[in-house]
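Taking it in order: structure first as structure tokens, then the write-up.
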Amino acid sequence: MSSEYRLQRYGKWVAGPRTKWITIILWLAAAVLLSAVLPSAKSQENNNAANLSSKTASVQAELLAAREFPNGSGIPALLVWHKTGGISEPELAGIQQLTKQLEEQPLPEQQMAAPLHNVPLPALKSQLSADGSTLVFPVMFHKEAGTEAFKESLALLQERTAAVLGHNPFEEPADSGALLSARVTGPVGISVDAVGLFKNADVSLLLGTVVLVLVCLLLIYRSPILALIPLVAVGFAYITVNPLLGWMASQGFIALDSQALSIMTVLLFGAGTDYCLFLIARFRHNLKVENDKTKALLGAISGSSGAIAMSGFTVVLSLFALLLAEYGAYERFAVPFSLSILVMGLASLTLVPALLAVLGRASFYPFIPRTPEQQEERAKRKGKPVVHPERPRRFSGGFGSLIVRKPWTITAVTLLLLGGLASFAPRIVYTFDTLSSFPEDMASREGFTIIADQFTPGELAPVKVMLDTEGKQVDAAAVLEALPYVSRVSEPAQGVQNPAIVAYEVELSVNPYSNEAMDHIPDLRSSMEELLASSGIAGPDGKVWLSGQTATQFDTRETGARDARVIIPVVIVLIAVLLLVYLRSITAMLYLMGTVLLSYFSALGLGWLIIHYVMGAEAIQGFMPLYAFVFLVALGEDYNIFMVSGIWQKSRSMPLKRAIKEGVAESGSVITSAGLILAGTFAVLGTLPMQILVHFGIITAIGVLLDTFVVRPFLVPALTVLLGRRAFWPGRYVPIAEESPGSSS
């Protein structure tokens, strides 16, 4: 039984005259039942899920700090009080009254608050900044508390503050000289702001994506009915996958966060619409040569479903590779993204054909595709002359002819262009600075800016240095204070359960979230280990622990680098094997993988040029290379698979150069349309206020556009022309003779 016959049978099963309604009813029932029985993904969000494993050095240090120094082991909210003209004594008295309330009536999940009410006013004044404009003190919360609890506590804090001071300083401008202003920064403030950014962006992101896809489809096909078909399919896929993810999260199989769900929505609309367009374009083409709409649809299914299934499977497996990540944010992407693409692929192979079977030619109203015979018959009925509105594909056909005539020139020009852009990729500066990804007017970032201006930036998140002194006298404070990147060292504190463990709060002189601060972590650790060794204290298990945001960010960077080293080769191998199985050609697999990898590095290089030199960003978020790689390599291979499979099919009945020329012409419009929609959906992320999503959206959109307008229409077919029959090696392809002498490859 041939594969074409099997696909024809499959088409009759999902979109036959009798079965099409069964397919639609099954999808409708699945969407309704799953939504009614299972919890939604949104209800199972956990934005406080751990990103680092329990074996990571900073996590072990946090556990030690919680055990030995419980009073200072909570999560701090730094309250930054600022008034340009100087904080007055009545205002300081009001702040003291507030801290007294916090001691007597703690906020929900509050562990402790700085007892400023016990500090004499002259002593409190000495804690102000040099110009008397700023005061900073912490409120500690339990580690088990979630972001929602933090948000409720901060809202209650604002109410109490407004009652004490007579106005709400959290709503005053940060640079106000007339009234006292307040901001919450530190880990608690950053956590609340980060979740708020994603939560506020969900609705706008969804609406923006839907509107973009709808407008693009209307412009491409000029049919309101057809524009709705992919959106209906994506809607059913989303309604189906949403409760499945919610159930998996409720059972503890996976963890969901706002970032993953936001990007999943974009991925569904972008990739899902692409798969629908591949089938719709083939159906539209068949309707112009086949009178029977059912035969035309079955031909479209058999002609495109293999490429659609292969494309979807490639993306699913590539995204599943993120399960190998040790960093939680990477790992949490794997199941939502891969499951959504899997369900969307099923919808495009079942629901979309069923909808097209029901609507038939009316799907394309008012520009209904008809055969020449149907056009003549329709013209006779209306008593009008026959008009053939279809025009030859001048642009895509011209591209095909140019590629066949000048493959060496096309290859050289595209390689120079992509290679030139890729040369900027090694120059990219990466950052793990969480605050830099926030808008400048975000409360936690404003608070940090005030601290950095008035005190030292390290006060925002000090490093807790813990030593096991084995009861010996060790002057660690002197060594720490001598380090050039340390601005202040606290008095030592002894462990509760093990008094031999001594801790110091170390404030750095640089931004604790910056690369520079993270680069100091190994030196900070080694200086303490050398001190212990010189004091006769050494052990195989280590005697030094570093906790705090800088240590955590350092481990985040190291873990992310490890994940990239593991996942990138795995994704390359997975896609290579799938291409080899599908195309049965080692040569094709190698040059298709090579073009997509070159496109990825080119996207990084061009993205850096835009983000750094045009937008003025000093660095790109450090998570970008792996995020962009998984998406661009997997999604970029989609277009190659769709075009090359068409060339492969045509080459069985015509000379290879003609197959390439016609394959480029036929796939040109649909892949261009799909690429524009996919790039547009990712570009929507660039409108969000979170810099990490802006960078991700820009780089991914650039990569998709490079695949759409450079790699697919020029480089890949040019290489295929140059390779000739060798492009099919080791397959048993015997090319049909070229039509004109000297034209064979």
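All values below were derived from every heavy atom in this structure, side-chain atoms included, with hydrogens, water molecules and symmetry-related copies excluded.
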Which atom of [X] lies closest to which atom of [Y], heavy atoms considered:
X    : Y    : value
P230 : I280 : CG-CD1, 4.1 Å
P353 : A347 : CD-O, 4.3 Å
C276 : V352 : SG-CG2, 3.6 Å
T672 : T708 : CA-CG2, 3.6 Å
S673 : I220 : CB-CD1, 3.3 Å
S602 : L706 : CB-CD1, 3.8 Å

Practice item. Could you pull out all residues at least two apart from Y627 that satisfy side chain to side chain donor-acceptor pair (under 3.5 Å)? Key: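 Result, side chain to side chain donor-acceptor pair (under 3.5 Å) vs Y627: none returned.
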Review point. When the ring planes of F333 and F337 are compared, do they come out parallel, tilted or perpendicular, using 30° and 60° as the limits?
Key: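 Rings of F333 and F337: tilted, 30 to 60°.
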Review point. Going by the angle between their ring planes, with limits at 30° and 60°, are Y327 and F623 parallel, tilted or perpendicular?
Key: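 Judged by the thresholds at 30° and 60°, the geometry between Y327 and F623 is parallel.
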Per-pair distances, 0.1 Å, donor-acceptor, side chain in residues 15-24, under 3.5 Å, sequence neighbours excluded:
residue: T19; atom: OG1; partner: K12; partner atom: O; Å: 2.7
residue: T19; atom: OG1; partner: W13; partner atom: O; Å: 3.0
residue: T19; atom: OG1; partner: G16; partner atom: N; Å: 2.9
residue: T23; atom: OG1; partner: V14; partner atom: O; Å: 2.8
residue: T23; atom: OG1; partner: T19; partner atom: O; Å: 3.2

**Study point:** Greater than 12 external heavy atoms within 6.0 Å of F367's CZ
**Key:**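 Counting neighbours around CZ of F367, more than 12 heavy atoms of other residues, nucleotides or ligands fall under 6.0 Å, so yes.
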Exercise for review: Step through the shown structure and confirm whether more than 12 heavy atoms of other residues, nucleotides or ligands are within 6.0 Å of CZ on F313.
Suggested key: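 No, the 6.0 Å shell around CZ holds no more than 12 heavy atoms from other groups.
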We want to know whether [X] and [Y] form a side-chain donor-acceptor pair, criterion being a heavy-atom distance below 3.5 angstrom.
X    : Y    : answer
W27  : T350 : yes
R370 : N291 : no
T720 : Y591 : yes

**Study point:** side-chain contact (heavy atoms from CB on, under 4.5 Å) between T371 and K288, worked out
**Key:** CA-CA 4 Å; T371 64; K288 297 172 186 175; 5.8 Å; no
[atom1]-[atom2] distance between [X] and [Y], expressed to the nearest 0.5 angstrom:
X    : Y    : atom1 : atom2 : value
R222 : Y365 : CZ    : OH    : 13.5 Å
S363 : L287 : OG    : CG    : 8.5 Å
S35  : I239 : OG    : CD1   : 6.0 Å

Check your understanding: Taking it one step at a time, do L685 and F682 satisfy side-chain contact (heavy atoms from CB on, under 4.5 Å)?
Key -> CA-CA 6 Å; L685 292 172; F682 280 110; 4.2 Å; yes
Exercise for review: Check the pair D707 / R712 against salt bridge (Lys or Arg N to Asp or Glu O under 4.0 Å), numbers first and verdict last.
Suggested key: CA-CA 6 Å; D707 279 327; R712 189 276 313 164; over 6 Å; no
